[in-house]
Amino acid sequence: MRLFFVEDNAALQTTVARSFERRGIQVHVFTEGRVALERWRASPPDVVLLDLSLPDIDGLELLSAARAEQLATPVIILTARGTVGDRILGLNIGADDYLPKPFDLDELEARVRALARRSRGAPGAPGSAAGAGTHEDESFHGLRVDADSGAIYHLGLPLDLPPREAALLRALLARPGQAVAKERLTEIVFADDLDVQPDAVEVVAYRLRKRLPADGVRLVTLRGLGYLLKAPD
């Protein structure tokens with residue numbers, strides 16, 4: 001699942017992005033609304049999280065422009081503006097949901113996944129046949145990540161992994177066959193640890209290798225580049 005987060009608060013950007021990426025949701029963060037709208041036109045995500053108080057354009061104005069251009073991606077408004085008038089106006093313009101700040105990350109994730117599921121069957125939605133692309137479960141040679149739950153399966157059976165190994169595998173399955181930088185994987189796997197050691201992700205990778213099926217996908221280290229998943233020989 002791909003998520004656009006349009007928000008100018010750097011601390012909140014980091015908190016939400018790290019939390020969601022640990023749960024298998026790819027997050028693209030934008031500080032400026034006009035930049036987000038341009039990317040939205042070019043490559044619609046599954047869900048947009050939209051703050052109303054942006055430095056270059058009001059969030060409601062951005063939402064209105066997106067809907068006028070027939071951009072149908074579900075939108076959740078996140079804002080400290082708590083008035084009923086703002087909420088009604090946002091919903092009338094085209095928002096699908098509204099969550100006031102401060103919010104609970106688990107509740108936000110549940111709302112994001114519910115909207116993504118609901119929109120997949122809608123004509124023109126990013127995950128529908130009529131849309132620009134498909135965003136189904138991530139899968140690679142027998143390994144599959146369920147797009148809704150984040151659960152990992154091998155040949156249809158649940159793969160029981162500790163949280164950090166699961167986070168590492170989900171991050172690699174999002175880009176199968178491509179190298180993912182060690183630094184980036186560290187951010188995802190240890191998003192909740194501010195005092196992580198530089199080689200900590202190497203330990204997680206070592207443990208993950210031992211848990212992967214012996215005759216299946218291999219976890220490969222590329223010196224200076226990071227890690228990748230390689231198809232079985």
Side-chain angles (χ1 to χ4, degrees), residues 1-4 16-28 43-47 105-106 109-110 112-114 116-117 119-121 125-129 131-193 196-233:
M1 185 191 305
R2 290 174 61 246
L3 180 74
F4 280 8
V16 171
R18 286 182 174 179
S19 176
F20 274 39
E21 288 181 345
R22 283 180 58 212
R23 305 172 194 219
I25 299 175
Q26 185 181 8
V27 181
H28 299 269
S43 180
D46 294 288
V47 178
L105 287 171
D106 289 332
E109 182 193 5
V112 165
R113 292 192 184 279
R117 285 195 301 269
S119 70
R120 284 191 186 113
S128 70
T134 58
H135 295 284
E136 301 174 350
D137 297 354
E138 301 285 357
S139 60
F140 186 62
H141 292 274
L143 286 173
R144 177 178 68 85
V145 178
D146 183 84
D148 294 324
S149 67
I152 302 174
Y153 296 85
H154 177 250
L155 299 178
L157 298 176
L159 191 61
D160 186 20
L161 295 173
R164 297 203 191 282
E165 282 86 334
L168 176 60
L169 184 53
R170 280 194 293 265
L172 293 171
L173 281 169
R175 297 178 59 187
Q178 301 179 48
V180 182
K182 177 180 171 182
E183 294 77 10
R184 181 58 178 154
L185 292 172
T186 300
E187 291 177 0
I188 295 172
V189 174
F190 296 93
D192 58 345
D193 190 343
V196 60
Q197 298 299 313
D199 60 349
V201 76
E202 296 177 12
V203 176
V204 177
Y206 172 78
R207 292 173 179 167
L208 177 59
R209 280 194 184 97
K210 292 190 147 192
R211 291 176 175 269
L212 289 174
D215 58 347
V217 169
R218 293 188 294 122
L219 175 56
V220 177
T221 304
L222 299 179
R223 189 176 299 276
L225 294 177
Y227 296 92
L228 63 77
L229 291 178
K230 187 174 180 180
D233 296 331

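Numbers here are sequence positions counted from 1.
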How would you list, by chain and number, every residue that makes a ring-ring contact (aromatic ring centres under 6.0 Å, His included) with His28, sequence neighbours excluded? Phe4
Excluding sequence neighbours, so at least two apart, what forms side chain to side chain contact (heavy atoms under 4.5 Å, CB included) with [X]?
X	result
Arg218	Val220, Lys230, Asp233
Thr221	Arg209, Tyr227
Pro232	His141, Val217

side-chain hydrogen bond (donor to acceptor under 3.5 Å, both in side chains) partners for Ser19, two or more places apart: Arg23
Would you please name every residue forming a side-chain hydrogen bond (donor to acceptor under 3.5 Å, both in side chains) with Glu21, sequence neighbours left out? Arg184
Which pairs pass side chain to side chain donor-acceptor pair (under 3.5 Å) with one or both residues in residues 197-207, sequence neighbours excluded? Lys182-Glu202, Tyr206-Lys210
Could you report the tightest heavy-atom contact between [X] and [Y], atom names first, then the distance?
X	Y	value
Ala205	Leu168	CA-CD2, 3.6 Å
Ala171	Val180	O-CG2, 4.5 Å
Val47	Val112	CG2-O, 3.7 Å
Ile25	Glu109	CD1-CG, 4.3 Å
Ile152	Arg170	CD1-CG, 3.9 Å

Within a reach of under 6.0 Å around CG of Asp106, are more than 12 heavy atoms found that belong to other residues, nucleotides or ligands? yes
Is any side-chain heavy atom of [X] closer than 4.5 Å to a side-chain heavy atom of [Y]?
X	Y	result
Arg144	Asp146	yes
Leu172	Leu228	no
Leu169	Leu159	yes

Value for CZ (Arg22) from CZ (Phe190), rounded to nearest 0.5 Å, stands at 10.5 Å
Check: Pro44 main-chain N/O paired with Arg2 side-chain donor or acceptor under 3.5 Å: yes
